[in-house]
Amino acid sequence: QVQLVESGGGLVQPGGSLRLSCAASSGGLNDYAIGWFRQVPGKEREGVSCISSSDRTTNYRDSVKGRFTISRDSAKNTVYLQMNNLKPEDTAVYFCAARSDTWAGCVPQTYWYDYWGQGTQVTVSS
């Protein structure tokens, strides 16, 4: 079992940037597909991006394409979500999730993941 810890959230002005990190408090993430999700009160958790365990595949929801980048630092056992040109509608609690899978792809849907972090708040406001 892997325990996930997100960090890097905060308050940023529109157009600003943040980098979220997803690390494992025990074990490593290099054999896991990782997904980033976000949720606002009263709405369902939605997939933002994912990266396969082999790093061959990344996926992004349309609204963040060209602004967000997911990446993995295997030496640090950490997956990042670089968020640029942030917009007020990006405001949410962001979660990372993990699935142990050797498949070359990833699925940006909540049902596909087995482990979840506690989330980190991202607020985009002037």
Under 3.5 Å: donor-acceptor pair, side chain of [X], backbone of [Y]:
{"X": "E6", "Y": "C96", "value": "yes"}
{"X": "S49", "Y": "N59", "value": "yes"}
{"X": "Y60", "Y": "I70", "value": "yes"}
{"X": "Q109", "Y": "G47", "value": "no"}
{"X": "R72", "Y": "S52", "value": "yes"}
{"X": "T57", "Y": "A104", "value": "yes"}
{"X": "N30", "Y": "S74", "value": "yes"}
{"X": "N77", "Y": "L29", "value": "yes"}
{"X": "Y113", "Y": "V107", "value": "yes"}

What's the spacing between [X] [atom1] and [Y] [atom2] if we round to 0.5 Å?
{"X": "L4", "Y": "Q118", "atom1": "CG", "atom2": "CD", "value": "9.5 Å"}
{"X": "S63", "Y": "E89", "atom1": "OG", "atom2": "CD", "value": "8.0 Å"}
{"X": "L81", "Y": "C50", "atom1": "CG", "atom2": "SG", "value": "11.0 Å"}

Under 6.0 Å from the [atom1] atom of [X], do we count more than 12 heavy atoms belonging to anything else shown?
{"X": "E44", "atom1": "CD", "answer": "no"}
{"X": "Q82", "atom1": "CD", "answer": "yes"}
{"X": "Q121", "atom1": "CD", "answer": "yes"}

Identify whether [X] and [Y] are in the same connected component of the hydrophobic contact network (ILVMFWY, side-chain heavy atoms under 4.5 Å).
{"X": "V64", "Y": "M83", "value": "yes"}
{"X": "Y111", "Y": "F95", "value": "yes"}
{"X": "L20", "Y": "V93", "value": "no"}
{"X": "V12", "Y": "V48", "value": "yes"}

Considering all heavy atoms, the nearest G8-L18 contact: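 Reported closest heavy-atom pair: O-CD2, 3.8 Å.
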
V124 versus T91, closest heavy-atom pair with distance: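 Looks like N-OG1, 2.9 Å.
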
So, do [X] and [Y] sit near enough that their side-chain heavy atoms are less than 4.5 Å apart?
{"X": "L86", "Y": "F68", "value": "yes"}
{"X": "S125", "Y": "L11", "value": "yes"}
{"X": "W112", "Y": "C106", "value": "yes"}

Please tabulate, for the side chains in residues 31-40, all donor-acceptor contacts under 3.5 angstrom to protein atoms that are two or more places apart in sequence or on a different chain.
residue : atom : partner : partner atom : Å
R38     : NE   : E46     : OE2          : 2.7
R38     : NH1  : D90     : OD1          : 2.9
R38     : NH1  : Y94     : OH           : 3.0
R38     : NH2  : E46     : OE2          : 3.3
Q39     : OE1  : R45     : NE           : 3.1
Q39     : OE1  : R45     : NH2          : 3.2
Q39     : NE2  : K43     : O            : 3.1

